[in-house]
Number of protein chains: 2
Amino acid sequence: MQGLKKKTAETGGQRAAEVAYSAIRTGILNSRWKGGSHLREQELASAIGVSRTPVREALRRLNAEGLVTLVPNLGARVNDWKAHDLDEIFGLRALLESYAVELAASRIGEDEIAELKRLCEKMEGLIVEGQRIDHQRMSVYNDRFHGILYEASGNGRLRQLLKQVVEMPLVLRTFARYERRDLMRSMNHHREIVEALQAKDGAWAASVMRSHVRAGRAVFLDAATSS
Amino acid sequence: MQGLKKKTAETGGQRAAEVAYSAIRTGILNSRWKGGSHLREQELASAIGVSRTPVREALRRLNAEGLVTLVPNLGARVNDWKAHDLDEIFGLRALLESYAVELAASRIGEDEIAELKRLCEKMEGLIVEGQRIDHQRMSVYNDRFHGILYEASGNGRLRQLLKQVVEMPLVLRTFARYERRDLMRSMNHHREIVEALQAKDGAWAASVMRSHVRAGRAVFLDAATSS
DNA sequence: TATAAGTTCGTTGTATACAAAGCAAGCATG
DNA sequence: CATGCTTGCTTTGTATACAACGAACTTATA
């Protein structure tokens, strides 16, 4: 339970509940605890350096977001992910994310398309023959790419649902070992989506996005069974 | 602020946070406060008969569900609904609900189909020439009809998202004045969905469901502009 | 008068004390 | 030996006291 507490300088400006939330959240996403672990309020509270009150608030929020499961009088357990759960989640994600690009196709502007292209270049730049791939950086660019599309959909609640659905299985990203050809295909999808958006062809963009998500599902399924 | 507190017999078995949650929730759904009202924690607490702690928990939950909006250090305000919000919500609902019946088509059993038919009959029985329609009862049956479909989708997270999305604008149900022909059409939709499910034709069921939701949107839009 | 700093009060945020629920070990009893 | 009860401990749930923040009002100053 060491290392959860961040430097006072960072936490100073924020509310304790927010600090607790992000501390626990990053802990879960970095697999500090394994799936099914019981998260004790007092333990978390002293590790983070706040009282139980904001910790409880954080746990409720994480429960609503699907990262932990709360049982009355028994507390919180870290969710673990079976193949069935991933099927549910990726099914929803394919649906929502393709809907988002379909909406985006008729609303997205030149600036955002330019930004998408820049991100494509950056991501492709990370795939160099014979070199190890910086997955961390890749994730950042990829998240930004998809985030721009959520925004461009113009539907705030859709954006919110998507962020939630996408985040759930993110614990497995650590274990997801993208092969080079998976990544190449991913890059091609991105490029094709941008092209479809530029052509204002929502159906095309949506179709590619569905493929994109379902291809990602396969990688995560491997991660789930092997972790 | 009277009348929020229920009889002790009812509240006795439940946790205070749960009591607070459903008290505030039903208050909002019954338009006890108008959109934009500031909900004060102490006020709610004494009205319900619990302390601020469970009230705060309830407000966070209602915030996550989209019924209130929480601003740090300023508290909770009851959400109000403009045409734009309804467009977002019904767009999502059409998407998710049609996906649900599409999944349900290949999984639903005879028992559930029989139950759907029974509900159709009950609802149709409420529409009698020259008599006032019992909208309260209609809502109960209608919710149960759709609930069965959510379950039959076999996707727990989809069910959860749908419940959330459907509940958001439910404040307006009070003001939604369904004309007789709106209801007749609704009944026809229900019947057609059941038939499509029985034929295991997911695409058909999904298509009718999309129409069903979008027709509902129009009624709610009227309610939003007139309330 | 207009503006800015100071003040007060109401409300939310956090810590802490206490109540109640769950669980396990030990004991009694059939 | 198995079953059920008791007891003690751990953990969560709730109430309450206090701290911190924000908004409106007051006062000082140009």
Side-chain angles (χ1 to χ4, degrees), chain A residues 1 4-25 27-28 32-34 36-64 67-79, chain B residues 1 4-25 27-28 32-34 36-64 67-79:
Chain A
M1 289 299 297
L4 269 184
K5 190 181 337 191
K6 297 190 178 176
K7 292 198 299 289
T8 333
E10 294 177 32
T11 65
Q14 301 193 58
R15 309 191 339 271
E18 194 66 25
V19 175
Y21 167 75
S22 52
I24 301 171
R25 178 176 170 277
I28 292 174
R32 188 185 300 269
W33 307 278
K34 49 183 157 187
S37 302
H38 186 184
L39 298 181
R40 269 163 271 262
E41 295 174 357
Q42 185 56 61
E43 218 170 303
L44 293 169
S46 17
I48 299 170
V50 298
S51 80
R52 274 179 57 213
T53 310
V55 168
R56 282 176 64 83
E57 188 175 326
L59 288 174
R60 303 300 150 121
R61 191 166 156 199
L62 290 164
N63 176 62
L67 289 186
V68 308
T69 299
L70 231 50
V71 181
N73 291 316
L74 291 182
R77 294 189 172 279
V78 179
N79 280 348
Chain B
M1 288 297 299
L4 269 185
K5 192 182 334 192
K6 297 189 179 177
K7 292 197 297 288
T8 334
E10 293 177 33
T11 65
Q14 300 192 59
R15 298 173 332 174
E18 193 66 24
V19 175
Y21 167 75
S22 52
I24 301 172
R25 178 176 170 278
I28 292 175
R32 187 185 301 270
W33 307 279
K34 50 182 156 186
S37 301
H38 186 184
L39 299 181
R40 270 163 272 262
E41 296 174 358
Q42 185 56 60
E43 219 170 305
L44 293 168
S46 19
I48 300 170
V50 298
S51 80
R52 274 179 57 214
T53 310
V55 168
R56 282 176 65 83
E57 188 175 326
L59 288 174
R60 303 299 148 118
R61 192 167 155 199
L62 291 164
N63 175 62
L67 289 186
V68 308
T69 298
L70 231 50
V71 181
N73 290 316
L74 291 182
R77 293 188 173 280
V78 179
N79 279 348

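So that the names make sense, note that chain A is the first sequence line, chain B the second, and so on, each numbered from 1.
Across all non-hydrogen atoms, the minimal contact from Ala58(B) to Ala17(B) is CB-O, 4.2 Å. Pairing each heavy atom of Trp33(A) with each of Ile28(A), the nearest pair is CZ3-N, 3.7 Å.
Every side chain to side chain contact (heavy atoms under 4.5 Å, CB included) that Arg52(A) has, sequence neighbours left out, goes to Glu41(A), Gln42(A), Ala45(A), Arg56(A). Glu18(B) meets the salt bridge (Lys or Arg N to Asp or Glu O under 4.0 Å) test with Arg15(B), Arg61(B); sequence neighbours excluded. With sequence neighbours excluded, the residues satisfying side chain to side chain contact (heavy atoms under 4.5 Å, CB included) with Thr53(A) are Ser51(A).
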The contact string for nucleotides 5-12 of chain C, one letter per nucleotide 5' to 3', using protein heavy atoms under 4.0 Å with B, S and - for base, sugar-phosphate only and none, comes out as ------SB
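Reading DNA chain D from its 5' end, the first and the last nucleotide to sit under 4.0 Å from a heavy atom of chain A are dT11(D) to dT14(D).
Leu39(A) has its side chain out of reach of Leu62(A): every pair of non-hydrogen atoms, C-beta onward, lies at least 4.5 Å apart.
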Which pairs of donor and acceptor atoms, one on a side chain in residues 67-77 of chain B, lie under 3.5 Å apart (sequence neighbours left out)?
{"from": "Thr69(B)", "atom 1": "OG1", "to": "Asn79(B)", "atom 2": "OD1", "distance (Å)": "2.3"}
{"from": "Arg77(B)", "atom 1": "NH1", "to": "Gly36(B)", "atom 2": "O", "distance (Å)": "2.8"}

